[in-house]
Chemist: 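Below are the structure tokens for one structure; questions will follow.
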Amino acid sequence: MAFSRDQLVQIFRQIDKDGSGSLSAEEIQRALSNGTWNPFNIMTVQAMIGMFSASGKQTSSDLFSPSASLELNFEEFTRLWAFIENWQRYFKSVDRDNSGCIDLGELRTAIS
């Protein structure tokens with residue numbers, strides 16, 4: 001589902017708990033769900049931030065440091081949002097039986 005810019009502004013503001021105008025790894029981690037209600041690994045969140053943040057263009061050792069202070073502004077957040085939406089669409093297209101999991105047969109079909 002594509003969201004309008006106004007809707008994304010509202011989502012961004014809801015995630016931005018401290019009102020700083022940027023999203024920390026911890027704020028993004030709390031907002032994401034991986035389908036099991038377990039939080040995303042903070043290093044995964046930091047890697048996603050590093051992909052889309054102008055300030056996140058650091059060395060890989062900095063990127064995965066537990067103390068890394070990576071953040072996303074609104075424009076960077078919209079690029080991350082689009083990336084996640086695209087992956088969700090792709091996952092759903094591969095998950096032919098709508099089980100929420102990709103089985104071996106679906107995986108074979110996807111990579112062939």
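We count residues from 1, following the sequence as given.
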Chemist: Is there a chain of hydrophobic side chains (I, L, V, M, F, W, Y, each step under 4.5 Å between heavy atoms) that links Phe3 to Trp87?
Modeler: yes
Chemist: Glu106 and Arg96: which non-hydrogen atoms are nearest, and at how many Å?
Modeler: OE2-N, 2.9 Å
Chemist: Any chance you could measure Ile28, atom CD1, to Leu23, atom CG, to the nearest 0.5 Å?
Modeler: 5.0 Å
Chemist: If only atom types and distance count, is the side chain of Glu71 paired as donor or acceptor with the main-chain N or O of Gly21 below 3.5 Å?
Modeler: no
Chemist: Write down the atom of Gly100, the atom of Phe91, and the distance for their closest heavy-atom approach.
Modeler: O-CZ, 3.4 Å
Chemist: With rounding to the nearest 0.5 Å, note down the distance linking CZ in Phe83 to CD in Gln88.
Modeler: 11.0 Å
Chemist: Establish, from distance only, whether the side-chain atoms of Asp6 and Ser4 form a donor-acceptor pair under 3.5 Å.
Modeler: no
Chemist: How far does CG of Leu107 sit from CD1 of Ile111, to the nearest 0.5 angstrom?
Modeler: 4.5 Å
Chemist: Are any side-chain N or O atoms of Thr44 and backbone N or O atoms of Phe40, one a donor and one an acceptor, separated by less than 3.5 Å?
Modeler: no
Chemist: Looking at CD of Gln29 and CE of Met43, how far apart are the two atoms once the value is rounded to the nearest 0.5 Å?
Modeler: 12.0 Å
Chemist: Roughly how far apart are Thr78 OG1 and Leu8 CG, rounded to 0.5 Å?
Modeler: 7.0 Å
Chemist: Is any side-chain heavy atom of Arg5 less than 4.5 Å from a side-chain heavy atom of Phe74?
Modeler: yes
Chemist: Side chain to side chain contact (heavy atoms under 4.5 Å, CB included) for Ser53 and Leu70? Distances and angles first, verdict last.
Modeler: CA-CA 8 Å; Ser53 171; Leu70 301 171; 5.5 Å; no
Chemist: Can you check side chain to side chain contact (heavy atoms under 4.5 Å, CB included) on Leu32 and Ile84, steps first, answer last?
Modeler: CA-CA 10 Å; Leu32 292 174; Ile84 292 171; 4.2 Å; yes
Chemist: Checking ring-ring contact (aromatic ring centres under 6.0 Å, His included) for the pair Trp81/Phe77: CA distance, chi angles, key distance, verdict?
Modeler: CA-CA 6 Å; Trp81 187 275; Phe77 166 75; 5.7 Å; yes
Chemist: Minimum heavy-atom separation for Phe52 to Arg79, with atom names?
Modeler: O-NH2, 3.3 Å
Chemist: Is the backbone N or O of Ala82 less than 3.5 Å from a side-chain atom of Asn86, with the two atoms forming a donor-acceptor pair by type?
Modeler: yes
Chemist: So, the side chain of Asp16 versus the backbone of Ser20: is there a donor-acceptor pair under 3.5 Å, distance only?
Modeler: yes
Chemist: Examine distances only and state if a side-chain atom of Glu76 and a backbone atom of Ala54 form a donor-acceptor pair shorter than 3.5 Å.
Modeler: yes
Chemist: Quick one: do Ile15 and Ile11 satisfy side chain to side chain contact (heavy atoms under 4.5 Å, CB included)? Show the steps, please.
Modeler: CA-CA 6 Å; Ile15 297 170; Ile11 293 167; 3.8 Å; yes
Chemist: How long is the span from the OG atom in Ser24 to the CG atom in Leu72, to the nearest 0.5 Å?
Modeler: 9.5 Å
